[in-house]
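Step one of this worksheet: look at the structure below.
Quick caveat, the model's predicted, so the values are computed rather than measured. Each residue takes its place number in the sequence, starting with 1.
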Amino acid sequence: MKLKSSILLLFALLHFVAPAQSVATGDRVRQIRHLDVSVTESEYLYIGFIHSSSEPCRLSTINVQNILKSRVDIGAIFLTRESINSCQPWLSQLISDGEKVATEASDYFKRFGIDYAPCGMIIDHKYRIVWFGNPMILNNQRIDKILTQWTLQR
């Protein structure tokens, strides 16, 4: 009886946890076009969902910035629910460093079902999701592998 209860509880939890993100690899995210970013056929775009008061967000954003500095094939934009006036100095620093940051982007969080940050995705020139997950795991080798696998699938 205890095992059955545990299994039922697990399925109930999975039901609520599974839809936390409503995106999957290969999905199209055309609504991102409204963010004034463009992706050419030879490029990809990293979209980071962040919050300035979150230490994991700051660390993952610095990680992504450091990786993408050396790459010409991936652009970046960071989205936050915060207003420009309420942003911590760190987020203002991102903007002054030339990073594209969309503030008051709650609508995008909602469209993608993003309930937590940090979270990131890489999309291709057809606005298809190539990768989605925790940006702390990204490095150049992993990005190369993701993009190679994506290219082979298409």
Checklist line | Name of the residue among Val130, Asp27, Ile129 meeting side chain to side chain contact (heavy atoms under 4.5 Å, CB included) with Met121 | finding: Ile129
Check: Can you check whether Thr25 reaches Trp150 side chain to side chain, under 4.5 Å on heavy atoms?
Finding: yes
Item checked: Closest non-hydrogen atom pair, Arg58 against Ser52 -> NH1-O, 2.7 Å
Next item on the list: Indicate yes or no for a side-chain donor-acceptor contact from Ser54 to the backbone of His51 under 3.5 Å, with no hydrogens or angles considered.
Entry: no
Notebook entry, point to check: Are the side chain of Asn66 and the backbone of Asn63 linked by a donor-acceptor contact shorter than 3.5 Å?
Noted result: no
Note to self: Working to the nearest 0.5 angstrom, can you tell me the gap between Ile84 CD1 and Thr103 OG1?
What the structure shows: 5.0 Å
Item checked: CZ-CD1 distance between Arg142 and Ile67, expressed to the nearest 0.5 angstrom -> 10.0 Å
Check: If you measure from CD1 on Ile137 to CD1 on Ile146, what distance do you get to the nearest 0.5 Å?
Finding: 6.5 Å
Notebook entry, point to check: Would Ile50 and Leu79 satisfy side-chain contact (heavy atoms from CB on, under 4.5 Å), going step by step from the backbone distance to the final call?
Noted result: CA-CA 6 Å; Ile50 61 173; Leu79 309 177; over 6 Å; no
Note to self: Treating Asp124 as the side-chain partner and Tyr127 as the backbone partner, does any N or O pair qualify as donor plus acceptor under 3.5 Å?
What the structure shows: yes
Next item on the list: For this output row, return yes or no: ring centroids of Phe49 and Phe112 closer than 6.0 angstrom.
Entry: yes
Note to self: Please determine whether side-chain contact (heavy atoms from CB on, under 4.5 Å) holds for the pair Phe109 and Asp115, giving the CA-CA distance in whole Å, both sets of side-chain angles, and the decisive distance to 0.1 Å.
What the structure shows: CA-CA 7 Å; Phe109 278 74; Asp115 292 328; over 6 Å; no
Note to self: If you define the side chain from C-beta out and look only at heavy atoms, does anything of Leu138 sit under 4.5 Å from Trp131?
What the structure shows: yes
Checklist line | Flag side-chain contact, heavy atom, 4.5 Å: Phe132 against Ile114 | finding: yes
Check: Hey, are Asp73 and Arg71 close enough for a salt bridge, meaning a charged N less than 4.0 Å from a carboxylate O?
Finding: yes
Item checked: Where Lys126 and Arg28 come nearest, the two heavy atoms and their spacing -> O-NH1, 2.9 Å
Next item on the list: Answer yes or no: is there a donor N or O on one side and an acceptor on the other, between the side chain of Ser86 and the main chain of Glu82, under 3.5 Å?
Entry: no
Checklist line | side-chain contact (heavy atoms from CB on, under 4.5 Å) between Thr148 and Leu152, worked out | finding: CA-CA 6 Å; Thr148 300; Leu152 292 174; 4.2 Å; yes
Notebook entry, point to check: So which heavy atom on Leu68 is nearest to which on Ala76, and how close?
Noted result: CD1-CB, 3.7 Å
Next item on the list: Decide yes or no for Ile77 and Leu45: does some side-chain heavy atom of the first lie under 4.5 Å from some side-chain heavy atom of the second?
Entry: yes
Note to self: Between Thr61 and Pro118, is there a side-chain heavy-atom distance shorter than 4.5 Å?
What the structure shows: no
Margin query: Once rounded to the nearest 0.5 Å, what's the spacing between atom CZ of Arg81 and atom NZ of Lys110?
Written below: 9.0 Å
Check: Can you list the steps and then say if Lys100 with Leu94 is a side-chain contact (heavy atoms from CB on, under 4.5 Å)?
Finding: CA-CA 8 Å; Lys100 293 180 181 175; Leu94 268 181; over 6 Å; no
Next item on the list: Quick one: pull up CG in Asn134 and SG in Cys119 and give me the separation to the nearest 0.5 Å.
Entry: 7.5 Å
Next item on the list: Measure the spacing between OH of Tyr46 and CD1 of Ile74 and express it to the nearest 0.5 Å.
Entry: 10.5 Å
Next item on the list: May I ask you to test the His125-Glu43 pair for a side-chain heavy-atom distance under 4.5 Å?
Entry: no
